[in-house]
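Beneath this line is the structure, given in structure tokens, with notes to follow.
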Protein chains: 2
Amino acid sequence: MSHSASGDGVAGVAALIGEPARANILSALMSGRALTAGELARHARVTAQTTSGHLARLLEARLIVVERQGRHRYFRLASPEVARAIEALSVIAGAGPNRTLAIGPKDEAVRRARTCYDHIAGQLGLALADSMQARGLLVHADGAGAITHEGQAFLTDFGIDMTAPARSQRPLCRMCLDWSERRHHIAGRLGAALLNRLLELRWVERVPDSRALTITGIGERGLDTRFRIDVRSPVPHR
Amino acid sequence: MSHSASGDGVAGVAALIGEPARANILSALMSGRALTAGELARHARVTAQTTSGHLARLLEARLIVVERQGRHRYFRLASPEVARAIEALSVIAGAGPNRTLAIGPKDEAVRRARTCYDHIAGQLGLALADSMQARGLLVHADGAGAITHEGQAFLTDFGIDMTAPARSQRPLCRMCLDWSERRHHIAGRLGAALLNRLLELRWVERVPDSRALTITGIGERGLDTRFRIDVRSPVPHR
DNA sequence: GTCATGTTTCGGTCGCAGCCGAAACGTTCC
DNA sequence: GGAACGTTTCGGCTGCGACCGAAACATGAC
């Protein structure tokens, strides 16, 4: 008679995510981009009417937000917290019985580098975390991390200002467990800033209709000189 | 046609959690204790038969594990990852429209100190994190944390050995977002060790049928002398 | 204005899954 | 042995909600 606070609300949110069509919608939005209702309908593999209903429910529960633009409506995840919950669910789902071998060549690009809401995941994400750790820019002890003074300097030089006062409540540097690699990569405000900067420099580019990121030629060279990351080498599997 | 990896598995797990009865079961198990099917039936407010079915499905999905003991079957959450996902969902659920005022005096104990799977949450959890931060035992920068050398020494002296090689993959020190306070407390192996030690010392005690923890007289004094935490003072709200 | 496109509302069908009663099964205690 | 208790299986009921077709409602292009 006291479990109202915990169980009830959780069930509602989870039930919302627990519908295949809605889960597909949310997964598509995990790319971090804002997508239209029509695009989401295609991702979810249901008709536009059905999608419309789902979107209405997701909006009411504040899992997503919308922005009108002409005759389109662009949907985004409402907050990093929502992305976190979905990622946490992915971790459990991925840990299932025989999931490890069930990946085709199609997903290879996704495993190499992809967006995780607003930061970089996949092998590139891990490599960035490992590299910064090895050079003393980041204290990344066992799934938790903090930026060192050297790290602050490095980032400023790289074009990322992390010294600005936190106007948002969001953690500066959080580590996010990767569903494909089962290790942590950089999330939080730093993770978002890194992704932005890499896109800005055109070191990586988004792949349409996918969470995947491609590493450009400039990116390969840049990652090598600035981060000592050799993109072509076999992936570190620790 | 490439979203099999993300959306599908997530939907299954979320649907499992998204049933009120099952959510209640999982919430009850968030206390970290192992409970019998009968107890869980009472928590979930459904009959034993119904509960049995739910437990079977949760077992098959590996969200929980079971241990026989005589004519009882004791259920536990399968892993910290499961607890994480549930906590992440709680955060979203709690952020809903007018949830902030919907708490009665009954929940006050739960807000003061409670278990969050296997570590301490609530105001006491925050106080511990803040205290260790202030004394330089923990680098707890914005939602991510690592133990300092001074921290290692302090913990050893306090009866917690964190220097042992990590036999499990589990993070040493992770920060967990609190659904009632919206700030981070200490989780990971350190969080679990702290809860264990405090129970061992009888500084805190479990409340039957609840996630709540009570702070004993010894505990009050101990927390004051060792951690500089004044349990009686108005809670720090930052 | 007309037409095309993106999105929502309405109405009705259908299937899944949660629920319980009854009964069977297994274990412990006396 | 029998009785009590905890748990599971079976069968049948019931209701919620996901889905689509059709049509209405917007917005923008011409």
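Every chain is numbered from 1, with letters handed out A, B, ... down the list of sequences.
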Can you give me the closest heavy-atom contact between A/Arg22 and A/Ala15, atom names plus distance?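 Closest approach of A/Arg22 to A/Ala15: NH2-O, 3.4 Å.
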Heavy-atom pair of closest approach, residues A/Ser27 and A/Arg211: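 Looking at all heavy atoms of both residues, the shortest contact is O-CD, 4.0 Å.
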Apply salt bridge (Lys or Arg N to Asp or Glu O under 4.0 Å) to residues A/Arg197 and A/Glu200 and explain how you reach the verdict. CA-CA 5 Å; A/Arg197 188 63 178 140; A/Glu200 202 173 83; 2.4 Å; yes
If you pin B/Gly38 and A/Ala21 to their nearest nucleotides in DNA chain D, which one's is more 5'?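 The 5'-side residue here is B/Gly38.
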[X] side chain, from C-beta outward: closest of [options]:
| X | options | result |
| --- | --- | --- |
| A/Arg57 | D/dA18, C/dG18, C/dC20 | D/dA18 |
| B/Val46 | C/dC19, C/dT7, D/dA18 | C/dC19 |
| B/Arg71 | C/dC20, C/dT28, D/dC19 | C/dT28 |

Any non-hydrogen side-chain atom of [X] less than 4.5 Å from a side-chain atom of [Y]?
| X | Y | answer |
| --- | --- | --- |
| B/His43 | B/Asp209 | yes |
| B/Leu213 | B/Arg206 | yes |
| A/Leu26 | A/Ile17 | yes |

Would you mind reading off the distance between [X] atom [atom1] and [N] atom [atom2], rounded to a whole angstrom?
| X | N | atom1 | atom2 | answer |
| --- | --- | --- | --- | --- |
| A/Glu67 | C/dG6 | CD | P | 19 Å |
| A/Leu58 | D/dG17 | CG | C1' | 14 Å |
| B/Leu40 | D/dG6 | CG | P | 14 Å |
| A/His72 | D/dC25 | NE2 | C1' | 16 Å |
| A/Ile17 | D/dG17 | CD1 | P | 17 Å |
| B/Arg42 | D/dG6 | CZ | C1' | 11 Å |
| A/Glu19 | C/dG15 | CD | P | 16 Å |
| B/Arg45 | C/dC20 | CZ | C1' | 17 Å |

Below 4.0 Å: OP1/OP2 of C/dC19 and any side-chain N or O of B/Thr47: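 B/Thr47 to C/dC19 OP1/OP2: no side-chain N or O under 4.0 Å.
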Can a side chain N or O of B/His54 be found less than 4.0 Å away from OP1 or OP2 on C/dC19?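 It does, given that an N or O in the side chain of B/His54 lies less than 4.0 Å from OP1 or OP2 of C/dC19.
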Quick one: CD1 on B/Ile215 to CG on B/Leu124, what's the gap to the nearest 0.5 Å?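 The CG atom of B/Leu124 is 4.5 Å from CD1 of B/Ile215, to the nearest 0.5 Å.
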I'd like a table of atom pairs between the protein and nucleotides 8-14 of chain C - only N or O on both sides, under 3.5 Å - with the distance next to each one.
from: C/dT8; atom 1: OP1; to: A/Arg73; atom 2: NH1; distance (Å): 2.1
from: C/dT8; atom 1: OP2; to: A/Ser52; atom 2: OG; distance (Å): 2.9
from: C/dT8; atom 1: O5'; to: A/Ser52; atom 2: OG; distance (Å): 3.2

Sugar-phosphate only, base, or nothing, as touched by B/Arg22 at under 4.0 Å among non-hydrogen atoms: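 Sugar-phosphate, backbone atoms only, no base.
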